[in-house]
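Data block below; observations after.
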Amino acid sequence: MSFITRFAPSPSGPLHLGHAYSAVLAHDMARKAGGTMHLRIDDLDAARSRPEWEAQILDDLRWLGVTWPEPVWRQSERLPRYRAALADLWARGLLYPCTCTRADIRAAASAPQEGAPLAGPDGIVYPGTCRPARPPAGPLPDAPLRLDTGRALALAGGVLSFTETGAGPDGETGSIPLMNLEDSVGDVALARAGSGASYHLAIVCDDADQGVTHVIRGRDLFAATAIHVLLQRLFGHATPTYHHHRLIRDGAGRRLAKRDDARAIATYRDEGLTPANIRRMVGLTPAPGVSISTSSPPRNAV
Ligand code: GLU
Ligand code: ZN
């Protein structure tokens with residue numbers, strides 16, 4: 001079986017140790033399996049994406065020894081593809097417009113009759129305020145849209161599941177059944193104002209179109225996999241195997257943030273560290289055929 005994976009950074013900040021770990025791990029796993037790792041740029045968030053960050057990310061990845069086939073896909077260049085996917089779901093009565101803001105959702109979800117608001121993979125689980133009794137008619141509107149998850153699950157039929165070869169936040173591994181998505185995930189936003197497509201919709205289209213067989217990414221996205229598997233089923237795509245990996249934390253145990261320039265790969269490069277030093281800092285064994293010199297230990301503990 002072929003092994004196709006991808007690394008999909010958002011060009012909204014520097015590549016830091018956490019991203020480097022994810023990219024190098026995916027690249028190592030692909031190489032070991034005789035497969036391919038695609039590089040994809042998740043630049044749907046136009047307000048935060050910058051060409052300078054993209055250039056720096058590519059340069060840092062090359063420096064780390066990561067390689068990928070050209071051309072590199074950019075989500076900003078694939079909007080018609082996402083629109084077609086939305087039109088498909090819309091025509092099947094699975095979407096509805098919703099312009100609720102995060103504050104509206106928080107207020108609605110905190111109403112006394114709702115109990116404590118539930119946190120889902122996409123923020124607070126949407127309480128269904130705008131969900132219509134019947135699917136809306138007419139052409140696909142240019143508006144923020146949500147998936148009617150209840151209707152989608154009825155159409156998808158059967159039990160949804162995926163195979164995890166890494167581990168979720170609670171050690172979940174093996175075959176993961178997906179239950180109660182209506183409550184745990186809710187009606188997720190699939191089209192947002194401005195970008196036209198949400199992250200969830202876009203990556204499901206991208207993974208299918210690139211023939212991705214293995215998704216390797218951080219454990220923080222484990223819960224979002226439920227949304228991706230449901231969309232795959234609706235579109236008739238095969239579900240890849242998932243490998244969620246541990247997250248790289250700073251000395252105080254916090255997750256690394258985009259703004260955490262101290263752990264940007266560019267900073268380590270400026271300080272004279274080598275790719276082998278970086279591998280060792282994130283707990284990866286040396287690349288095949290590379291021996292690490294012990295004469296220059298990393299100056300920064302992770
Ligand atoms: N751009 C996403 C991120 O950096 C990619 C997520 C994914 O791999 O599915 O979080
Ligand atoms: Zn709404």
Q. Is there a donor-acceptor pair closer than 3.5 Å between any side-chain N or O of Glu172 and the backbone N or O of Asp170?
A. yes
(Q) For a 4.5 angstrom cut-off between non-hydrogen side-chain atoms, does Pro51 reach Pro11? (A) no
Q | Closest approach of Ile57 to Pro9 (non-hydrogen atoms, all atoms of both residues) | A | CG2-CG, 4.0 Å
Q) Transitively linked via ILVMFWY side-chain contacts under 4.5 Å: Leu234 with Ile227? A) yes
Q.
One thing to verify: whether Arg192 and Asp122 come together as a salt bridge, which I'm taking to mean a side-chain N less than 4.0 angstrom from a carboxylate O.
A. yes
(Q) Minimum heavy-atom separation for Ala137 and Trp90, please, with both atom names. (A) O-CZ2, 3.8 Å
**Q.** Leu79 side, atom CG; Leu44 side, atom CG - distance, nearest 0.5 Å
**A.** 6.5 Å
**Q.** Shortest non-hydrogen separation from Val72 to Trp68 and the atoms involved
**A.** CG2-NE1, 3.3 Å
Q. Among Pro136, Pro132, Pro144, which one satisfies side chain to side chain contact (heavy atoms under 4.5 Å, CB included) with Pro97?
A. Pro136
Q: Consider only side-chain N and O atoms of Thr5 and His38, and report whether a donor and an acceptor are under 3.5 Å apart.
A: no
Q.
Closer than 3.5 angstrom, by distance alone: can the side chain of Thr163 be matched with the main-chain N or O of Ser175 as a donor-acceptor pair?
A. no
Q. Going through the distances and angles, do Leu190 and Arg146 end up as a side-chain contact (heavy atoms from CB on, under 4.5 Å)?
A. CA-CA 5 Å; Leu190 293 190; Arg146 287 184 182 275; over 6 Å; no
Q) Any side-chain heavy-atom pair from Val185 and Leu230 closer than 4.5 angstrom? A) no
Q) Among the clusters formed by ILVMFWY side chains lying less than 4.5 Å apart, do Ile105 and Leu147 turn up in the same one? A) no
(Q) I need the minimum non-hydrogen distance between Met37 and Pro69, along with the two atoms involved. (A) O-CD, 3.3 Å
Q: Answer with yes or no whether the side chains of Tyr82 and Asp206 bring together a donor and an acceptor at under 3.5 Å.
A: yes
Q) OG1 of Thr225 to CG of Leu160: how many Å apart, nearest 0.5 Å? A) 12.5 Å
Q) Counting only N and O atoms by type, is there a donor-acceptor contact under 3.5 Å from the side chain of Thr239 to the main-chain atoms of Phe162? A) no
Q: Determine the interplanar angle of the Phe222 and His244 rings, folded into 0 to 90°, and report it as parallel if under 30°, tilted if 30 to 60°, perpendicular if over 60°.
A: perpendicular
Q. Quick one: does Asp104's side chain have a donor or acceptor within less than 3.5 Å of a partner on Thr101's backbone?
A. yes
Q: Take Thr213 and Thr241 through the side-chain contact (heavy atoms from CB on, under 4.5 Å) test and state the conclusion after the steps.
A: CA-CA 6 Å; Thr213 60; Thr241 297; over 6 Å; no
Q) Nearest heavy-atom pair of Leu95 and Leu86: which atoms, and what distance? A) CD1-O, 3.4 Å
Q.
Just checking Asp142: does its CG atom have more than 12 heavy atoms from other residues, nucleotides or ligands closer to it than 6.0 angstrom?
A. no
Q: Would you indicate whether the side-chain heavy atoms of Val204 and Leu201 approach each other to under 4.5 Å?
A: no
Q) Side chains of Gln210 and Arg40: is there a donor and an acceptor less than 3.5 Å apart? A) yes
Q) To the nearest 0.5 Å, what is the distance between CG (Leu231) and CG (Leu89)? A) 7.0 Å
**Q.** Cluster link Trp73 to Leu15, ILVMFWY, side chain under 4.5 Å
**A.** no
Q. Is there side-chain contact between Ile265 and Ile278, with heavy atoms separated by less than 4.5 Å?
A. yes
Q. Any chance the side chains of His243 and Thr165 put a donor and an acceptor closer than 3.5 Å?
A. yes
Q | Joint cluster assignment, Leu17 & Leu58, ILVMFWY side-chain distance < 4.5 Å | A | yes
**Q.** His27 side chain reached by Leu64 side chain, heavy atoms, under 4.5 Å
**A.** no
Q: Quick one: closest heavy-atom pair of Trp63 and Thr274, and the distance?
A: CH2-C, 3.6 Å
Q) Do Asp183 and Val125 come within less than 4.5 Å of each other through their side chains, counting heavy atoms only? A) no
Q. Is there a donor-acceptor contact under 3.5 Å linking the side chains of Tyr96 and Asp187?
A. yes
Q.
When you compare the side chain of Thr67 with that of Arg31, does any pair of heavy atoms fall below 4.5 Å?
A. no
Q | Spatial distance of atom OG (Ser110) from atom CD1 (Ile124) [nearest 0.5 Å] | A | 6.0 Å
Q | Heavy-atom donor-acceptor pair, Asp148 side chain to Arg151 backbone, under 3.5 Å | A | yes
Q.
The test is side-chain contact (heavy atoms from CB on, under 4.5 Å); show your working for His214 and Arg6 and say whether it passes.
A. CA-CA 8 Å; His214 291 75; Arg6 82 298 196 276; over 6 Å; no
**Q.** Verdict with reasoning, Val159 to Leu178, per side-chain contact (heavy atoms from CB on, under 4.5 Å)
**A.** CA-CA 7 Å; Val159 179; Leu178 299 170; over 6 Å; no
Q | Arg131 NZ/CZ over Tyr126 ring centroid, <6.0 Å and within 45° of normal | A | no
Q.
If we count only N and O atoms by modelled type, under 3.5 Å, do the side chains of Thr267 and Asp270 hold a donor and an acceptor together?
A. no
Q: Examine the side chains of Asp43 and Gln75 and answer whether a donor and an acceptor come within less than 3.5 Å of each other.
A: no
Q. Are any of the side-chain nitrogens in Lys32 or Asp28 under 4.0 Å away from the carboxylate oxygens of its partner?
A. no
(Q) So does Gly18 get a backbone contact from the side chain of Ser22, meaning a donor-acceptor N/O pair under 3.5 Å? (A) no
(Q) Quick check for you: to the nearest 0.5 Å, what is the distance between Arg217 atom CZ and Leu25 atom CG? (A) 13.5 Å
**Q.** 4.5 Å side-chain heavy-atom contact, Phe7 and Val66
**A.** no
Q) So, Glu164 versus Thr173: side-chain donor-acceptor pair below 3.5 Å or not? A) no
**Q.** Transitive ILVMFWY side-chain link Ile203 to Tyr242, under 4.5 Å
**A.** no
Q. Between His245 and Tyr21, what is the ring plane arrangement, given parallel below 30°, perpendicular above 60°, and tilted in between?
A. perpendicular
Q | Side-chain donor-acceptor pair present, Arg74, Ser49, cut-off under 3.5 Å | A | no
